[in-house]
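Quick note on labels: first sequence line is chain A, next is B, and so on, each numbered from 1. Keep in mind the model is a prediction, meaning the values are calculated, not measured.
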Amino acid sequence: MRECKIVSRKFDIPGSHTLEVSKAHGGYRTLAKMDEYSPLEIIEIIRESKLRGKGGGGSPASAKWTLMPQENDKNGKSDKPSFLAVNCDESEPGTFKDRQIISKDPHLLIEGILITCYAIKAKHAYIYIRGEYKQFQDILQFAIDEAYEDGLLDHCDITVHRGAGAYICGEKSALLESMEGKRGHPRLKPKHKEPEWFFDNPILVNNVETIASVPFIIQNGADAYKAYGTEHSPGTLLFAMSGHVNNPGVYEAEYGTSMMAYINHFGGGIRNAKKLKAVIPGGASTDVLTAQEAECATLDYETLRSMKSALGTGGMIVMDEDTCMVTVLKNLLEFYHEESCGQCTPCREGTGWTDKLVGKILDKRGTKEDIEKLLEIADTMNGKTICVFAPAVATVIKSFVSKFRDEFEVAV
Amino acid sequence: MSFVFSKENLLRIETLKKRYPSPKALCLPCLWMAQHQEGYISIDAIDTISEEIGIAPMEIYGVVTFYTMFHLEPQDKLNVQVCKTLSCKLCGSDEILKHLEGKDVKISHVECLGSCGTAPVMQIDDVYYEELNPEKVDEILKSLR
Ligand SMILES: Cc1cc2nc3c(=O)[nH]c(=O)nc-3n(C[C@H](O)[C@H](O)[C@H](O)COP(=O)(O)O)c2cc1C
Ligand code: SF4
Ligand code: FES
């Protein structure tokens, strides 16, 4: 497997989180290069690179950047300051990659923020970090303090904003509600494409890893980035792997890598010489794959979508042959029930009801009708809610029941 | 008894106000400061924050209850937060929870801590404890007494 370290290049260097070590290994070198370009030219390079958002959705980064008002905009909003929000909420089960960036190479993130803010003409960036990550937040804040002392942040401020325990605040509009001092309730989607808003000011929301990928692209050009990955999923991702593997962890790989090659090469195969049963490919909200499907899967957006699942955050959860899939679904539904923000009835009630039903099946008190009911409830959760949380839960339920139906039937 | 922010915190609040387009954005930062200062968030603290940032007390109360990391009551016991989400479950969080039963600590079940690669995991105060087994849990608890 080809080694490709774009974001994780400095991870293994001792002291990589400090300014001194970062600079000694090329940190902030791209800022000089950045000055050669205009903001619009930077956005153009990002567009050419086809960089996709790495927070789960995978939408092209440049499309969102272009929505931010440049000076000559006449949309009436140009008098308002623009902002950047970096999403470090990282709460999707199976996902633990952004944490590596902020604790092992926070200066790479800061460098990426400076370039991004230059491109969208923002003078202030916020990093929204999940409350549990206090330990890693301290490392990040130390790096930001160093950058201030060094004069790197003379023209662009960075403020770390600590969350307080709520999965849904990773959804971008909920994140902004949370930053505005409210409950983290996702907002209704606008009818037309427009930026996100922070107290009526335009704001761009991007994932930590998306922003940390920017310096490489500006330094080396769009083609250097596209040399990795596939045509439509270019570049690399910090894929993560947990569950029943010998060496769980985060390893950067190019998109298009074979899933099993990744699991065997980096993960050292399945623990205790067991057989593989299933893989959740990209965080808990992506549909489960059977071992057979995993054999054919490659780690890119298009292939996983064609398999009716998704690449998501690239956080794979690997399960061996002894795993009870009813127990797994029950575990996930407990999570969803706990984390639904409660705004939409189908989501609030549906997550609780399906959790109870699967619990009943697990306790061998269920009936065949309960399995049908489960699928019916899933149907009512799909497509009638403010955010995509509930539809994702619905398809997860269906994927478990349809692919492992025998286990559910044995249990009733 | 009313709540007053420490001098240090008042200074931080003044600095932070310059960093946001509206003082309302200081809601979570102020709640964190209050919780650090008192160990929990009292109703008096909510009133003080309300005056500081211009959000109604009832609304701030709603915010406090929305997030799992804020407490409205003082915490008297060591709060051991064990992750019970999938990767930890697959790697033995049940065994850790069972082992903790009957010990003189508050056991909280929490959702994925973003540490799935080093499962099973627990958090006490702000510190992560990873790749747990029963013996390791005992050592950790002993060191925290
Ligand atoms: C329920 C839900 C949870 C999400 N959680 C996160 C998260 O923890 N971190 C993240 O970066 N994006 C998360 N997202 C995606 C964000 O809404 C947003 O698309 C992303 O931060 C944009 O950055 P990107 O384009 O760079 O990926 C979540 C989305 C949903 C619907
Ligand atoms: S779908 Fe669920 S999480 Fe999303 S807004 Fe509605 S209730 Fe909240
Ligand atoms: S499942 Fe326990 S840390 Fe992610």
Side-chain angles (χ1 to χ4, degrees), chain A residues 80-81 83 90-96 98-99 124 126 130-135 137-138 157 159 161-167 169 178-185 198-201 240-244 247-250 280 284 315 317-320 323 327-328 331-332 334-335 338-339 341, chain B residues 15-16 18-33 35 41 49-50 53-55 59-71 81 83-91 93-94 108-119 121 123 125-128 130-131:
Chain A
K80 303 204 162 170
F83 294 97
E90 188 150 86
S91 309
E92 178 72 23
T95 311
F96 46 102
D98 298 337
R99 162 184 169 179
H124 203 134
Y126 303 101
R130 64 178 298 181
E132 293 87 347
Y133 274 3
K134 184 65 175 49
Q135 249 178 293
Q137 180 184 334
D138 289 344
D157 283 303
T159 304
H161 197 98
R162 187 180 181 195
Y167 164 75
C169 289
S178 175
M179 278 193 15
E180 289 186 4
K182 295 180 250 174
R183 297 178 145 231
H185 285 169
F198 179 48
F199 292 115
D200 285 332
N201 302 298
M241 176 174 35
S242 61
H244 296 144
N247 309 313
V250 171
I280 296 177
I317 305 175
V318 180
M319 291 165 273
D320 72 17
T323 314
T327 309
V328 171
N331 182 276
L332 293 176
E334 280 171 20
F335 171 82
E338 173 67 33
E339 299 296 343
C341 86
Chain B
T15 320
L16 278 179
K18 296 190 200 101
R19 299 184 83 95
Y20 291 97
S22 158
K24 292 190 161 101
L26 267 67
C27 186
L28 290 189
C30 282
L31 286 168
W32 275 121
M33 285 181 230
Q35 182 154 302
I41 291 163
I49 294 172
S50 168
I53 67 174
I55 298 180
E59 226 176 293
I60 299 180
Y61 185 84
V63 169
V64 174
T65 56
F66 183 80
Y67 298 93
T68 55
M69 296 182 78
F70 292 134
H71 316 293
Q81 300 169 284
C83 171
K84 65 166 190 63
T85 313
L86 189 53
S87 303
C88 285
K89 171 106 176 158
L90 294 171
C91 296
S93 58
D94 287 344
S108 313
H109 298 191
V110 295
E111 301 294 353
C112 180
L113 287 167
S115 199
C116 328
T118 43
V121 189
Q123 181 169 31
D125 293 329
D126 288 332
V127 184
Y128 276 63
E130 306 171 57
E131 295 178 318

Between chain B and each of [options], count heavy-atom pairs under 4.5 Å; write down the option with the most.
options	result
A/His124, A/Arg162, A/His244, A/Gln135	A/Arg162
A/Asp320, A/Val250, A/Asp138, A/Asp157	A/Asp157
A/Glu90, A/Glu92, A/Met179	A/Met179
A/Gly163, A/Ser91, A/Gly315	A/Gly163
A/Gly94, A/Gly131, A/Gly184	A/Gly184

Quick check on the interface: out of [options], who has the most heavy-atom pairs with chain A under 4.5 Å?
options	value
B/Gln123, B/Glu59, B/Gln35	B/Gln123
B/Ile55, B/Thr118, B/Leu113	B/Leu113
B/Cys27, B/Pro21, B/Pro29, B/Cys30	B/Pro21
B/Leu26, B/Val64, B/Asp126	B/Asp126

So, A/Asn331 side chain and B/Ser87 main chain: donor-acceptor pair closer than 3.5 Å or not? no
Minimal heavy-atom distance between A/Phe198 and B/Ala25, with the atoms involved, is CZ-CB, 4.4 Å
Closest non-hydrogen contact found for A/Phe96 with B/Gly114 is CB-O, 3.2 Å
Minimum side-chain heavy-atom gap B/His109-A/Glu334 below 4.5 Å | no
message: Do B/Tyr128 and A/Glu132 make a side-chain contact, defined as non-hydrogen atoms from C-beta onward lying under 4.5 Å apart?
response: yes
Sequence neighbours excluded, the answer for ring pair (Phe, Tyr, Trp, His ring centres under 6.0 Å) partners of B/Tyr20 is A/Tyr126, A/His161
*Over 12 non-hydrogen atoms of neighbours within 6.0 angstrom of OH in B/Tyr61*: no
| message | Would you say that more than 12 heavy atoms from the other residues, nucleotides or ligands in this model lie under 6.0 Å from the NZ of A/Lys134, or not? | response | yes
B/Cys112 meets the side chain to side chain contact (heavy atoms under 4.5 Å, CB included) criterion, sequence neighbours left out, with A/Pro93, B/Thr85, B/Cys116
Yes or no on side chain to side chain contact (heavy atoms under 4.5 Å, CB included) for A/Arg99 and B/Ser115, after CA distance, side-chain angles and deciding distance? CA-CA 9 Å; A/Arg99 162 184 169 179; B/Ser115 199; 2.8 Å; yes
Where on [X] is there a heavy atom nearer than 4.5 Å to chain B: the side chain, the backbone, both, or neither?
X	result
A/Cys341	both
A/Gln137	neither
A/Glu338	side chain
A/Thr95	backbone
A/Phe335	both
A/Ser178	both

Quick check on [X] against chain A: is it the side chain, the backbone, both or neither that has a heavy atom closer than 4.5 Å?
X	answer
B/Leu86	both
B/Lys89	side chain
B/Leu28	side chain

